[in-house]
Number of protein chains: 4
Amino acid sequence: MLSARIHKYQSLVIENIEKPAISRGDQVLVKVGATGLCHSDLHLINGDWKDSIPLELPITPGHEIAGWIEEVGHSVPKGLFNKGDIVAVFGGWGCGVCIHCKSGDEQMCSFVKWPGIMTNGGFAEYVLVDSYRFLVKVKVELQEKEYNNNDKENDGNSTLRIEEIAPLTDAGLTPYRAIKKIRNSLGPGKNIAIVGIGGLGYYAVQYAKILGQSANVIALDRKDDKLQLARTMGADFTINISSQDHQGKQQEQRPLQKRSIREEILRITQGKGVDVVIDCVGTDNTIYDSIRLLSKGGLLVIVGLFGSQIKLPLVPFVLNEYSVIGSLWGNYNELCEVIELAKIAGKLKHNIHSFTLEDINRAISLLKEGKIIGRAVIVPK
Amino acid sequence: MLSARIHKYQSLVIENIEKPAISRGDQVLVKVGATGLCHSDLHLINGDWKDSIPLELPITPGHEIAGWIEEVGHSVPKGLFNKGDIVAVFGGWGCGVCIHCKSGDEQMCSFVKWPGIMTNGGFAEYVLVDSYRFLVKVKVELQEKEYNNNDKENDGNSTLRIEEIAPLTDAGLTPYRAIKKIRNSLGPGKNIAIVGIGGLGYYAVQYAKILGQSANVIALDRKDDKLQLARTMGADFTINISSQDHQGKQQEQRPLQKRSIREEILRITQGKGVDVVIDCVGTDNTIYDSIRLLSKGGLLVIVGLFGSQIKLPLVPFVLNEYSVIGSLWGNYNELCEVIELAKIAGKLKHNIHSFTLEDINRAISLLKEGKIIGRAVIVPK
Amino acid sequence: MLSARIHKYQSLVIENIEKPAISRGDQVLVKVGATGLCHSDLHLINGDWKDSIPLELPITPGHEIAGWIEEVGHSVPKGLFNKGDIVAVFGGWGCGVCIHCKSGDEQMCSFVKWPGIMTNGGFAEYVLVDSYRFLVKVKVELQEKEYNNNDKENDGNSTLRIEEIAPLTDAGLTPYRAIKKIRNSLGPGKNIAIVGIGGLGYYAVQYAKILGQSANVIALDRKDDKLQLARTMGADFTINISSQDHQGKQQEQRPLQKRSIREEILRITQGKGVDVVIDCVGTDNTIYDSIRLLSKGGLLVIVGLFGSQIKLPLVPFVLNEYSVIGSLWGNYNELCEVIELAKIAGKLKHNIHSFTLEDINRAISLLKEGKIIGRAVIVPK
Amino acid sequence: MLSARIHKYQSLVIENIEKPAISRGDQVLVKVGATGLCHSDLHLINGDWKDSIPLELPITPGHEIAGWIEEVGHSVPKGLFNKGDIVAVFGGWGCGVCIHCKSGDEQMCSFVKWPGIMTNGGFAEYVLVDSYRFLVKVKVELQEKEYNNNDKENDGNSTLRIEEIAPLTDAGLTPYRAIKKIRNSLGPGKNIAIVGIGGLGYYAVQYAKILGQSANVIALDRKDDKLQLARTMGADFTINISSQDHQGKQQEQRPLQKRSIREEILRITQGKGVDVVIDCVGTDNTIYDSIRLLSKGGLLVIVGLFGSQIKLPLVPFVLNEYSVIGSLWGNYNELCEVIELAKIAGKLKHNIHSFTLEDINRAISLLKEGKIIGRAVIVPK
C-alpha cells in the first residue's frame with residue numbers, strides 16, 4: 001500500500017510498503033479516508049522533537065484519521081463494526097486499566113500509545129488500529145428527516161464528508177474539551193475570550209457559542225482576516241491584539257497598547273472582565289496577557305503549546321482567586337459529542353483543503369508557509 | 001394609593017389605602033410598574049391554602065413585581081439605587097444569615113418572607129420592599145449598540161418592557177433554576193423533555209435551548225396549540241400526550257397508549273430515552289410516566305405542584321441510577337441571569353396580557369377559565 | 001474442578017466439571033480464593049428471578065470473587081498480571097465502548113455481563129474472566145513499613161486476607177459508591193443517616209465516617225445488636241426504628257412512634273434534620289419514612305431493593321428541594337479505592353464467615369435463616 | 001476605651017479613645033474577647049503596603065476577632081443576638097448585593113471592607129461591626145453530652161476558649177477553604193502535600209486529614225521542629241525541603257537535591273506523585289517546585305503570598321493537565337464549618353499565645369523575630 005514515511009528527519013518518502021495485518025484479536029484494520037495534517041506532524045518530520053520523543057524510523061505519521069472498517073480481529077464483539085462502516089479513529093490509545101483509562105480519559109493514560117508517533121499513523125492507505133475500543137462509528141444518515149417532517153426543515157444532514165471527520169479527532173476535539181471543562185462558568189451575562197483564531201481557535205469560537213449558554217464570545221487575534229473568520233463562526237466581539245509597532249508606534253508604547261486591550265475588554269464586559277480565557281496559542285506573552293483580562297474568580301484554560309513558560313503575577317492571582325487549567329486533546333466520549341454536533345447540519349462549519357497522499361510534501365510546505373487557512377487533510381488515492 | 005386586597009376569601013377589593021412608609025434603614029419603597037398574576041394568587045384569594053398558609057387579612061397579594069425606585073432607606077448604600085431606577089423584586093426575602101441565605105439561596109431560607117403572602121405584595125401602586133438586597137436593577141439601555149458597530153446589527157434592545165420584567169421573577173425564574181441545575185447532563189447528543197407547556201413550560205423550552213448546549217428539546221403536552229407554541233419557542237420535537245379517549249378509544253387501551261409515548265421518545269432519541277425530564281405539571285401521572293422516558297442515569301426534575309404524590313417503581317429506579325430532584329423558584333443570581341437573557345434582544349420571547357388594577361378581578365376570572373395564554377400582568381394606573 | 005451449580009431451581013449441586021479454558025486473547029483464568037455469598041444468589045438459586053433474569057442452566061453462581069491469576073490470554077499486556085498475583089474480580093463486565101463504559105461506569109453498560117448470572121461465576125475452583133480489564137491487582141505488601149519508620153507505627157498491614165477481599169467487590173463496594181456520590185453534602189456540622197445495618201449497612205457506617213469529613217453518622221435499625229455493631233463501626237448516634245407493635249402497643253399508635261423517630265433526629269441534629277439518608281434496605285416504608293428525616297435540600301440515596309415502590313409526598317419534596325438518587329453497585333475505580341482503604345491496617349473492619357465449597361448449601365441455609373452476621377464467603381479448598 | 005492604633009507607620013500607640021457607637025440599624029457593637037495577630041498586621045503597621053493599600057490614619061488594626069455581643073442596632077432581627085452571646089467576626093464585609101456576595105463569597109466582593117484595614121479593627125476593647133450579617137454565633141455548650149450518654153464518652157467540649165476562636169476567622173479559615181475546594185480530588189489512595197507548616201500550614205495538615213477521606217497527608221517544611229508539629233497534627237509523612245547549601249553543599253548540586261524531593265514524593269506515593277499540593281508559603285521557589293510533585297491531573301492550590309511570581313513550565317503543565325488555583329481567605333459558611341469542627345472536643349488542635357493589649361508591641365516584636373510558634377492573640381484587659 002502507498003504510505004508517506006519519515007526515514008530521516010527530512011521530507012516524507014512516498015513509497016509502497018506492505019499492508020499491515022491484524023495480529024491480535026481486538027485489532028481493526030481501517031482503510032484510510034482522510035488524515036489531517038497537524039503542526040505537530042511538521043515537528044516530528046523535522047526532527048524538532050527527536051530528543052524528547054525519539055521515533056523508531058521509518059515511521060508513518062498522521063494522527064487525525066477517519067476511514068472505513070476493512071477487517072476486524074476475532075475478538076471484536078460481533079456486529080459492532082462491519083466492513084465499510086465509517087469510523088473516526090480516537091487517538092489516545094490507552095492501556096484500558098489504569099485510573100485514567102478507567103475514568104474515561106484514555107488520552108491521559110501513562111502508557112498511552114499515539115498513532116503516527118509511537119506506531120504507524122494515517123498517511124497511508126491503511127492503518128492498523130490497536131483496539132476496536134478506539135473507534136467511533138459515524139452514522140451519517142438522513143435520520144433527522146423522518147422525525148422532522150412536521151417539526152423542522154430537513155437541511156441535508158447527509159453532507160458530512162470524511163475529509164471533515166478526520167480533523168474532528170484532534171483540531172476539532174481539543175478546544176471542545178477545553179470549553180466543556182469550564183462550561184459551568186458560562187451562561188447568561190458571562191463572557192469568554194478565545195485567544196488565537198487558528199486551526200483550533202475557529203472551532204473554539206463555535207464551541208463557545210454552542211456550550212456557552214448565551215455567554216458573550218470575544219475573539220482575539222493579531223490578524224483581521226482571522227477575526228473576520230471568527231465573526232463568521234459566531235463571535236460577538238473581536239479585538240485585534242497585534243502590537244502597534246507596524247503602525248509606526250514604538251516599542252516603549254507597548255504597555256500602553258496592552259492597557260488598551262484590557263480597557264477594550266472592560267468596555268465590552270461592562271467593567272467585569274471575562275470569566276474565561278481559552279488560550280489556543282500558549283506563548284509566554286498570550287498567557288501573561290490573558291490573566292489580566294479575567295474577572296474575579298476567572299479561569300484561564302491553556303491548550304496552545306507555542307511557548308515554554310507560564311509566568312503570572314502571584315498577588316492578584318490569589319486575591320482574585322484565578323485558576324489556570326491545562327487541557328490536553330479530548331477523550332472518547334468527547335469525540336462522540338463532537339461528531340454528534342458535526343452531524344447536525346449547519347451546526348459546525350469546517351474549512352478543509354484536501355491533498356492526495358502523493359502530494360503530501362506540497363501540503364507540508366504550504367502549512368509551513370502559513371498558507372493553509374483552516375485544515376489540510378491528506379486523502380489517499 | 002390604590003390597591004387590591006383580600007378581606008375575606010372572595011374576590012379582591014379595590015380600595016385606597018395609605019401608601020406604605022419606610023420604617024427601617026435598609027427598606028426601599030418601589031412604585032409598582034407591573035405585577036404578574038399567578039395561579040398561586042388564585043389559591044390565596046380563594047382561601048384554598050388558608051389552613052397551611054394562614055394570612056393576616058386584609059392583605060395585598062402579588063409576588064411577581066417590577067417597578068421603579070421611589071425612595072430608599074438611610075442605610076441603603078449611597079448610589080446603589082436612585083429614584084426612577086427600574087427594578088425587579090426578588091421574592092425570596094431571606095433572613096440573610098442562615099446557611100441557605102449565606103450560600104445564595106435566600107428563597108430556601110427557613111425564615112423566608114414572601115411578599116404578597118406574608119406581607120403586602122404588588123397589586124398596588126407601591127410596595128415596601130424589606131431590604132435593598134432583594135432588588136435587581138434592570139439597566140435597559142442601548143448598550144449593545146456602541147460596541148457592536150462593526151460586529152453586530154443593533155436589534156432594538158431597548159424594547160424590554162416593564163410588563164415583561166415582572167413575570168421573570170417567578171414564571172420566568174423557576175424553570176431557569178430547574179434547567180440550570182441539570183445543565184451538566186445536557187450537551188451534544190443529549191435529549192431533554194419538557195412536560196407541560198404552560199406559563200412555566202414555555203420558558204422551560206426556551207431555556208432548554210439556551211442552556212442545553214445543542215441537546216434536543218422535546219415538548220410534551222395534551223394540547224396541540226401549546227405544542228405549536230413550543231415549536232415557536234424552539235422545541236425540536238413535540239409529542240401530544242393526551243389520553244386517546246377523546247378519539248373514541250377505550251380506557252383499557254391506556255397502557256397501550258402509554259407505551260406509544262415511550263416508543264415515540266425512543267424513536268426520537270434513537271433508543272436511548274431522554275437524559276432529563278423537566279416536569280412543569282407535577283401530577284401523580286406526569287411524574288409516574290416521566291420516569292419511564294429516561295435513559296440510564298436519567299434525571300427527573302419536578303417543578304410543578306398540581307399533584308400530591310411521587311410514585312415510582314423502585315427496582316428500575318435503582319438499577320438505572322435514576323434521580324428525582326425537586327426545584328423551587330430561583331435565587332437572586334439566577335434572577336439576574338434571566339434578566340440578562342431578557343435584555344438580549346430576541347433571546348427570550350414573552351406572551352403578556354396587561355390589565356389595570358381596577359380590572360384585576362376580570363383577569364382573575366379569565367385565568368380561572370383557562371383563557372390566559374402566557375401570563376397576565378396587572379399594571380396600576 | 002469442583003463447582004457448585006444450579007441445575008434446577010433448588011439447592012446447589014456440588015460436582016466436578018471441566019476446568020474452563022481461555023478462548024480469547026484478553027481472557028484470564030483466575031483460581032478462586034474466596035467468593036462471597038449474597039442474598040441475590042439465594043434469589044437466583046430459588047428461581048425467584050427466573051422470569052426477569054432467565055438463566056441458561058446449569059450455571060455456577062457467585063459474583064463476589066477474589067483469587068489468584070492462573071493463566072492469561074495472549075493479548076493481555078505483558079507484565080500486567082503474573083501467575084499468582086492476587087486479584088479482585090470487578091463484576092460489571094461492560095462492552096468497553098458504550099457511553100457508560102467510556103465514562104468509567106462499566107457496571108451501567110447496557111450490554112453488561114454479570115459473572116455468576118450470565119456466565120459461570122465464583123462458586124468453583126476456577127473462574128474464567130472475560131477480560132483483564134475486569135481485574136484489580138491487590139498488592140498486599142508491608143509497603144507502609146519502609147516509609148513509616150519514623151512516622152508511624154507499623155500496624156501489620158499484611159493481614160488483609162483473600163476472604164476479606166471477595167466481599168469488597170459488592171457488599172463493600174455498593175455503599176461506597178452511594179456515599180461517594182453525595183460526599184459534597186457532607187462535612188463539619190452535617191449529618192448522615194444510614195438505614196439498615198446489614199451486610200451493606202455496616203460498611204456504609206464506616207464509609208460515612210471516612211468520607212464524611214467529620215459529619216455526624218446516625219445509624220438506624222430495628223435490632224439492638226445491629227445498632228451495637230454500628231457503634232463499633234463508628235456511628236456517632238443510633239436509633240432503634242422497630243415498630244412498637246411487637247412490644248404490645250397498637251397499630252394506631254404507629255404514627256406517634258413515627259413522629260418520635262423524626263423528633264429524635266431533630267434533637268440530635270439540633271432541629272435541622274439530616275443532610276443525607278442512605279437507605280440500605282429499600283422497602284416502601286423505609287423510603288417513605290426516610291424523606292421525613294431530611295433537612296432542606298436533603299438527599300435520599302437508595303441502594304436497597306427489598307421493596308417495590310418509591311412513594312413520597314410531592315409538595316414538601318419540591319418546597320424543600322429534596323432529591324432521591326438511585327445508586328447501583330460501583331465502578332472499577334471505586335473498587336480500587338475500596339481496596340486501598342482495606343489495605344490500610346485497621347481502616348476497614350470485616351466480619352467474615354468462611355465455608356468450604358462442599359459446605360455451601362449449609363451456608364445458604366444459615367443465610368436464609370438470618371444467622372449470618374456480616375458476610376459468608378465460600379473458600380474452595 | 002483602650003485601643004492600639006497606627007498613627008505613623010511605626011509601633012502601635014496604646015491610647016484611650018471614644019468607644020464606637022452604632023449609627024446604622026444593622027450594626028452591632030462587639031466587646032472584643034481576643035484578636036489574632038497576623039503577619040499582614042505587621043505589613044500594615046510598618047507601612048509596607050501604604051501605596052497599594054493606603055490607610056486613613058489613625059486606624060486600629062486587627063482582623064481576627066472574637067468577642068461578645070454588647071449592643072445591636074434596631075434593625076437586627078429580634079432574638080438573633082443577645083447581649084453576651086459569643087461571636088466570631090467574619091472579616092469579609094461585602095456589599096451584600098453583588099454576584100459574589102449573592103453566591104455566598106462575600107470575601108470576594110468588589111466593594112469589600114476589611115475590618116482593621118478599611119475601618120477600625122480588633123486591637124481595642126470594642127469593635128463596631130458593619131452588619132449582623134458578619135457575625136457567627138458560637139454556641140459552646142455541653143450539647144454533645146446529652147445525646148451521647150449511651151453512645152460516646154463526653155470529652156469536655158466546653159473547653160473551646162475565646163482566644164482559640166479568634167484565629168479561626170483567618171489563620172484557621174484560609175486553609176479550610178483551600179482544601180475544601182479540592183476535596184473531590186482526595187479520598188482513598190490519594191495523596192496531598194502541605195508546603196509550609198506555619199500558622200496556616202498546621203491547620204492545613206489537620207484539615208487534610210479531616211476532609212481528605214483517608215488520603216495520605218505529606219508535610220513539607222525547611223525546619224524539623226515544624227515537621228514534628230505536623231506529625232503531631234496527623235501528617236502521615238514529612239519531608240525536610242531545606243536547601244542543602246547550608247550543610248556545605250554547593251549551589252550546582254541544588255538540582256540534584258531538588259530531584260531528591262521529587263524522588264521522595266514518588267517513593268511515598270508509589271510512583272504517582274501527589275494529587276494536590278497546598279502551598280501555604282507562595283514563594284516563587286515553592287510554587288515552581290510544587291508543580292513537579294504532582295501526578296497527572298494534579299492541582300496546586302496557592303494560599304501563601306510571600307513571593308511575587310508564578311513561574312511554571314508550559315509543556316508538562318498542559319500535557320499533564322495540571323491546574324493552579326488561587327484561594328483567598330474563606331466565606332461565612334466555611335467559617336461556620338470551621339467553628340463546628342472546633343466545637344468537637346479534640347478535633348482541632350490550637351497553639352495560642354495570649355498577650356494583653358498593653359503588651360501588643362512586644363507581641364509584634366516576637367512575631368517579627370519568628371519567636372511565635374502557632375498564633376499570638378491580643379486579649380484586652
Side-chain angles (χ1 to χ4, degrees), chain A residues 49 52-53 98-100 103 105 107-110 112 174 177-178 181-182 189-190 271-273 275 279 281-284 286-288 291 294-329 331, chain D residues 49 52-53 98-100 103 105 107-110 112 174 177-178 181-182 189-190 271-273 275 279 281-284 286-288 291 294-329 331:
Chain A
W49 295 348
S52 51
I53 308 177
C98 75
I99 190 172
H100 302 291
S103 56
D105 278 338
Q107 81 286 4
M108 295 298 291
C109 174
S110 301
V112 73
T174 300
R177 176 179 180 82
K181 273 191 181 189
I182 51 74
K190 304 289 181 182
K272 291 182 294 185
D275 300 276
D279 187 342
V281 181
T283 63
D284 301 14
T286 57
I287 294 168
Y288 186 84
I291 208 84
L294 293 178
S295 65
K296 283 206 172 198
L299 311 176
L300 166 58
V301 185
I302 307 179
V303 295
L305 285 168
F306 277 79
S308 64
Q309 256 201 337
I310 298 168
K311 233 185 270 182
L312 307 167
L314 174 68
V315 176
F317 186 87
V318 172
L319 293 188
N320 292 300
E321 290 207 329
Y322 292 146
S323 294
V324 181
I325 297 164
S327 190
L328 179 71
W329 211 333
N331 68 25
Chain D
W49 295 346
S52 50
I53 308 178
C98 75
I99 189 171
H100 302 291
S103 56
D105 279 337
Q107 81 285 3
M108 296 297 292
C109 174
S110 300
V112 73
T174 301
R177 177 177 177 85
K181 273 192 181 188
I182 52 72
K190 303 291 181 181
K272 291 182 291 186
D275 299 276
D279 189 342
V281 182
T283 63
D284 301 15
T286 57
I287 294 168
Y288 186 83
I291 208 85
L294 293 178
S295 64
K296 283 206 173 198
L299 312 176
L300 166 58
V301 185
I302 306 179
V303 295
L305 284 169
F306 278 78
S308 63
Q309 254 202 338
I310 298 168
K311 231 185 271 179
L312 306 167
L314 174 67
V315 176
F317 186 87
V318 173
L319 294 188
N320 292 301
E321 290 205 331
Y322 292 146
S323 293
V324 180
I325 298 163
S327 189
L328 180 70
W329 210 333
N331 67 26

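Just so we're on the same page: letters track the sequence lines, and every chain starts at 1. Predicted model, so just to flag it, every value in this text is computed and none were measured.
- For the options D:Gln107, D:Lys296, D:Lys181, heavy-atom pairs under 4.5 Å to chain A are most numerous at D:Lys296.
- Looking at D:Ile99, only its side chain comes within 4.5 Å of chain A, counting heavy atoms on both sides.
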Walk me through whether D:His100 and A:Glu321 qualify under side chain to side chain contact (heavy atoms under 4.5 Å, CB included). CA-CA 12 Å; D:His100 302 291; A:Glu321 290 207 329; over 6 Å; no

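- The distance from the CG atom of D:Leu328 to the CG atom of A:Asn320 is 8.5 Å, given to the nearest 0.5 Å.
- Interface residue D:Cys109: only backbone heavy atoms are found under 4.5 Å from chain A.
- Here D:Gly326 is the residue among D:Ser110, D:Gly307, D:Gly326 with the most heavy-atom pairs under 4.5 Å with chain A.
- Looking only at heavy-atom pairs under 4.5 Å with chain D, the residue among A:Gly297, A:Gly282, A:Ser323, A:Gly304 that has the most is A:Ser323.
- With a 4.5 Å cut-off on non-hydrogen atoms, D:Lys272 does not touch chain A at all.
- Heavy atoms of D:Ser327 lying under 4.5 Å from chain A belong to its backbone as well as its side chain.
- Of the listed residues (A:Leu305, A:Val303, A:Asp284), the one with the most heavy-atom contacts under 4.5 Å to chain D is A:Leu305.
- Contacts between D:Phe317 and chain A at a heavy-atom distance below 4.5 Å involve backbone atoms as well as side-chain atoms.
- Side chains of A:Ile287 and D:Leu314 form a contact here, defined as non-hydrogen atoms less than 4.5 Å apart.
- For D:Lys311 against A:Lys311, the heavy-atom pair with the smallest separation is CG-CG, 3.5 Å.
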